[in-house]
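Okay, structure first, notes after.
Chain letters run A, B, ... following the sequence lines, proteins first, then strands; residues in each count from 1. Everything numeric in this text was worked out from a predicted model, so none of it was measured.
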Protein chains: 2
Amino acid sequence: MLAEILKKSFDKYFNAPVKAWEEFANFCKPVTFEKDEIIKQQDTTEKYFYFILTGSAGIFLWKENNFVCLDFAFENNFCCDYMSLLLRQSTPLQLVALEKSEMVKIASETFYKLGQTPVGQIIVQISAETSFIEKQQQQIELLTKTAEERYKILYDKFPGIDQRVAQKYIASYLGITPQSLSRIRSTSK
Amino acid sequence: MLAEILKKSFDKYFNAPVKAWEEFANFCKPVTFEKDEIIKQQDTTEKYFYFILTGSAGIFLWKENNFVCLDFAFENNFCCDYMSLLLRQSTPLQLVALEKSEMVKIASETFYKLGQTPVGQIIVQISAETSFIEKQQQQIELLTKTAEERYKILYDKFPGIDQRVAQKYIASYLGITPQSLSRIRSTSK
DNA sequence: GTGATTTTTTACCCTATGGTAATTTTCTTT
DNA sequence: AAAGAAAATTACCATAGGGTAAAAAATCAC
């Protein structure tokens, strides 16, 4: 069942064999989070790789009482402090549930071992590759689009995100203040 | 010899076994480029993965007579249109030699096959992972630093870059105009 | 449901950066 | 070395978005 959800969720990105997803699903443990619950605290090392069944999460970087959101994740997608997971080091990044969420998690050590198996390796490899591509896409948007255009792109990517995620988080993701986002939303609507 | 350079260049990032680098080096073919020579044209599919022995290169995105530089690469580092290589699709990205350069290249098909061998797979996996981490770092800089701070970070990362790479390229990487960079350079020096 | 807290909106002025254009400097080509 | 082309600088005004503050709206806690 979980394996099917996983496969279905990722077939648009890449075709890992069913067997790979079954192997993956075998290691998954269910876990729930409340809204605003901190899943991974800053300056710790990521211990899990999560898949969101329902709800959402955000990756945050804090600097002196301020934060930016580096990415959002919603149902049927992975999330974690991927940088920490890969470097096996603590990072200043925080993973936060933005809504009441149901997820499954696999332990980081299991994730690493999965990378050594022929089938699981495909998932591990492609999750790194797609993560890179999405980050590069974000970089392109930051370099070539206005805040208003970036807002529209985000909204197209996650329709209804403004109903689910606090605007201050969206604003920080866009690289602007909540006030600016509010202005953009009022003039473009 | 090449295997040693490769291993030495990347030991700071990750420890692939000598054998992996020897395997890698076996597939490398030397190639040279003139300054401003287009290595990969936009709207084509990346056919090679390059390692720079001397010189430098940049990845550019064009939009209506304008461009941004998404990344620079110098000697002892890889470069290519990695997104195109991974997706095996054409992209609007251009790879350009920024100086007269000596590189070695391995064919994309060989690179893919390398990912299926136990030793080469480590290099392929880790190149995706480090690429993601560096892109996320760039995103953080764009979201949290001023143009002037980003310039200093870039300069610290690549000392002397301003002597080797045209300022218009550096400015586009920073997300500002050449005029703004000129102003920043004159006031902060 | 009521009060308290947090978030969003609105408004004001300010600053970093953009756009255009002209000038100077540097690089190319012969 | 000279001429031409391209790049960098400077200057001017324009604008997107920031900072602060206060009001309004939404959410939370009891």
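Rounded to an integer number of Å, the gap from B/K145 NZ to C/dT17 P is 14 Å. Residue A/K35 contributes atom NZ, which lies 15 Å from atom P of D/dA26 at whole-angstrom precision. Following rounding to the nearest Å, A/I176 (CD1) and C/dT8 (C1') show an atom-to-atom distance of 13 Å. For the pair B/Q163 CD and C/dT25 C1', the interatomic distance rounds to 14 Å; values are reported in whole Å. As rounded to whole Å, 14 Å separates atom P of D/dG17 from atom CG of B/L143. Between the CG atom of B/L174 and the P atom of C/dA16 there is a distance of 16 Å, rounded to whole Å. Atom CZ of B/R183 is separated from atom C1' of D/dA8 by 13 Å (rounded to the nearest Å). Put simply, CD1 on A/I184 is 14 Å from P on C/dT8, counting in whole angstrom units.
Classification of A/R164 and A/E75 as a salt-bridged pair holds, one side-chain N sitting under 4.0 Å from a carboxylate O. Of the charged side-chain nitrogens involved, none lies within less than 4.0 Å of a carboxylate oxygen, so that A/D156 and A/K152 do not count as a salt-bridged pair. A/R183 has no carboxylate O lying under 4.0 Å from a charged side-chain N of A/E148, or vice versa, which leaves the two without a salt bridge.
Between C/dT10, D/dT9, C/dT9, one nucleotide has an atom nearer to the side chain of B/Q167 than all others, and that is D/dT9. Checking D/dT9, C/dT10, C/dT17 against every side-chain atom of B/T146, the shortest atom distance belongs to C/dT17. Closest approach to the A/K168 side chain among C/dT8, C/dT28, C/dT17 is made by C/dT8 (side chain taken as heavy atoms from C-beta onward). Distances from the side chain of B/R185 to the nucleotides D/dT9, C/dT17, D/dT10 place D/dT9 closest.
For the pair A/Y50/A/L95, a side-chain contact is recorded, criterion being any heavy-atom separation below 4.5 Å from C-beta on.
Between B/D36 and B/L181, the one whose closest nucleotide on DNA chain C sits nearer the 5' end is B/L181.
Judged by the 6.0 Å and 45° rule, A/K135 forms no cation-pi pair with B/F132.
Phosphate proximity of C/dG18 to B/S180: present, with a side-chain N or O under 4.0 Å from OP1 or OP2. For A/Q179, no side-chain nitrogen or oxygen approaches OP1 or OP2 of C/dT7 to under 4.0 Å. Applying the 4.0 Å criterion to OP1 and OP2 of C/dG18, one finds that B/T177 has a side-chain N or O inside that range.
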